[in-house]
Amino acid sequence: MSHREQAAPRGREPACLLCRQSDADSDICGEKLFIHGFCAHENCLFFANNFPDRPVHRRGLWCLHSWEIRDVVSQAAEESCSICGQIGATIYCCRRHCDVSFHLPCARQGGCVTQFCRPFRAFCAAHRPQQAVEATPEPGTECLICMEPVEDRKTFNTMVCPACKNAWFHRDCIQGQALHAGYSSIQCPLCRNDDAFRKDLLTMGIRIPFRPPTWEDFNAFDELGDRHRRCDASECLFPGGRQEAEGQGPWELLLCSSCAAEGTLRHCSGLRDIITSWECDGCAGLGTVSSEDPELVALMKDSSDNSTDRETITCSTRNHHINTQATQSSLWNLPHRR
Ligand SMILES: [Zn+2]
Ligand SMILES: [Zn+2]
Ligand SMILES: [Zn+2]
Ligand SMILES: [Zn+2]
Ligand SMILES: [Zn+2]
Ligand SMILES: [Zn+2]
Ligand SMILES: [Zn+2]
């Protein structure tokens, strides 16, 4: 069976079959996909509790059976959202015996947390995670981003940097910041911690897209100082060290075309001159899971043997922007560091 690229239906903007919205925030719901005749936001699919738990997207192609999409859509049709009351809820609180379900675009309003990284866990307002750090804002503390006062303690809407415990901000403000900065540049505005900061944001349900910061689009050359600038090959062969590179030839530094957060010198990854773009292991081996979660690794093993006869289909999305590839593939490779 061969699949052609499916064009988006003409006429009125089609609604996502899961959240039932046609104009939901694409920063949260992701691109609208048209696969096997179904229209759905990519993140509405990823969070659906019966969505296949294996890598389904590879180099611009979606590897999904039509029945897999159909299953998600038909189960969604039976479930109503605890926040807006409409049907099409595909997301369940992951706490055992909790049967609260909701739509992705309703989550924020209902105080629910959705973690935008594998294994895409979601929590209702009663079971959502709290920041582990012990901290209380001084009276009169302001959000570092909007300068408006924060609440008098950590809440769903008031968050703190886990590293310095001094930087306070509103959920919406740091979410806005994360969308601009992207995975490689998000950091505490005060102490500049990135690792612990990022981890806490992801746990608390902030979406951090895997794309270069938006300001690089405008000023690609001025921002060289902030760009990733080292060879991350497992064995770097350059005599000058990982931090050095030349403008061209075997020692030219290529950044990952998906995440821009990893680099390699051509020679260190055996890339000849004719190759102009490269993807890091994390992005190319989409679905590489961290071994921290044994449950997830087990699931991945279970489903790996039905990959032989998978149908492949080209995705076709609306609202295309330059980094489509990056945002889509990025979902599958949370921290890939060596
Ligand atoms: Zn949707
Ligand atoms: Zn809803
Ligand atoms: Zn719950
Ligand atoms: Zn704020
Ligand atoms: Zn900090
Ligand atoms: Zn190298
Ligand atoms: Zn990458």
Side-chain angles (χ1 to χ4, degrees), residues 6 8-9 12-52 56-57 62 64 66 68-131 155-157 171-172 175 179 203-205 207 209 295 313 315-321 324 327-328 330-332:
Q6 295 173 324
R12 225 157 45 91
E13 183 80 22
C16 165
L17 282 166
L18 304 175
C19 70
R20 315 270 156 165
Q21 297 196 14
S22 54
D23 51 1
D25 185 355
S26 65
D27 283 333
I28 296 303
C29 294
E31 301 284 332
K32 226 184 267 171
L33 309 173
F34 297 89
I35 310 178
H36 294 297
F38 295 101
C39 168
H41 292 115
E42 56 176 340
N43 291 342
C44 289
L45 276 173
F46 289 143
F47 277 107
N49 90 315
N50 59 342
F51 190 70
V56 293
H57 183 253
W62 288 86
L64 279 168
S66 53
E68 288 173 320
I69 304 274
R70 224 178 302 125
D71 274 4
V72 172
V73 172
S74 57
Q75 190 186 70
E78 290 168 15
E79 237 16 272
S80 62
C81 171
S82 63
I83 298 152
C84 73
Q86 304 288 306
I87 55 163
T90 45
I91 307 181
Y92 291 82
C93 173
C94 67
R95 179 68 70 86
R96 199 180 289 244
H97 304 309
C98 176
D99 58 2
V100 170
S101 58
F102 50 92
H103 294 123
L104 183 56
C106 298
R108 160 85 185 74
Q109 191 203 333
C112 303
V113 162
T114 48
Q115 295 176 339
F116 289 86
C117 52
R118 301 202 77 176
F120 294 98
R121 290 195 298 181
F123 303 81
C124 71
H127 297 135
R128 69 188 177 214
Q130 318 263 341
Q131 286 193 280
T155 64
F156 180 67
N157 285 314
R171 164 175 287 266
D172 289 345
Q175 176 62 84
L179 292 170
T203 304
M204 295 301 290
R207 175 157 187 239
E295 206 179 315
I313 188 162
C315 81
S316 145
T317 62
R318 287 192 146 187
N319 313 322
H320 250 283
H321 54 92
T324 303
T327 40
Q328 288 173 349
S330 64
L331 283 156
W332 297 113

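Heavy-atom basis, side chains included; hydrogens, waters and symmetry copies ignored. In each ligand, atom 1 is the first atom listed, and ligand 1 is the first ligand listed. Computed from a prediction, not measured in an experiment: that's the story for all the values here.
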Does the Arg171 side chain pair with the main chain of Phe156, one donor and one acceptor, at a distance under 3.5 Å? yes
Any N, O or S atom of Cys93 closer than 2.8 Å to the Zn ion (ligand 3): yes
Any idea how Phe47 and Phe116 line up, ring-wise: parallel (<30°), tilted (30 to 60°), or perpendicular (>60°)? perpendicular
Does the shortest distance from the Zn ion (ligand 1) to an N/O/S atom of His41 fall below 2.8 Å? yes
Write down the atom of Thr90, the atom of Ala76, and the distance for their closest heavy-atom approach. CG2-CB, 3.3 Å
Between His103 and the Zn ion (ligand 1), is there a contact where an N/O/S atom of the residue lies under 2.8 Å from the metal? no
Please determine if Lys32 and Glu13 form a salt bridge, counting it only when a charged side-chain N lies under 4.0 Å from a carboxylate O. yes
Would Arg95 pass as a cation-pi partner of Phe123, given that its NZ or CZ must be under 6.0 Å from the six-membered ring centre and within 45 degrees of the axis? no
At the Zn ion (ligand 2), what angle lies between atom SG of Cys81 and atom SG of Cys106, rounded to 10 degrees? 120°
His127 ND1 and Cys124 SG subtending at the Zn ion (ligand 3) (10° steps): 100°
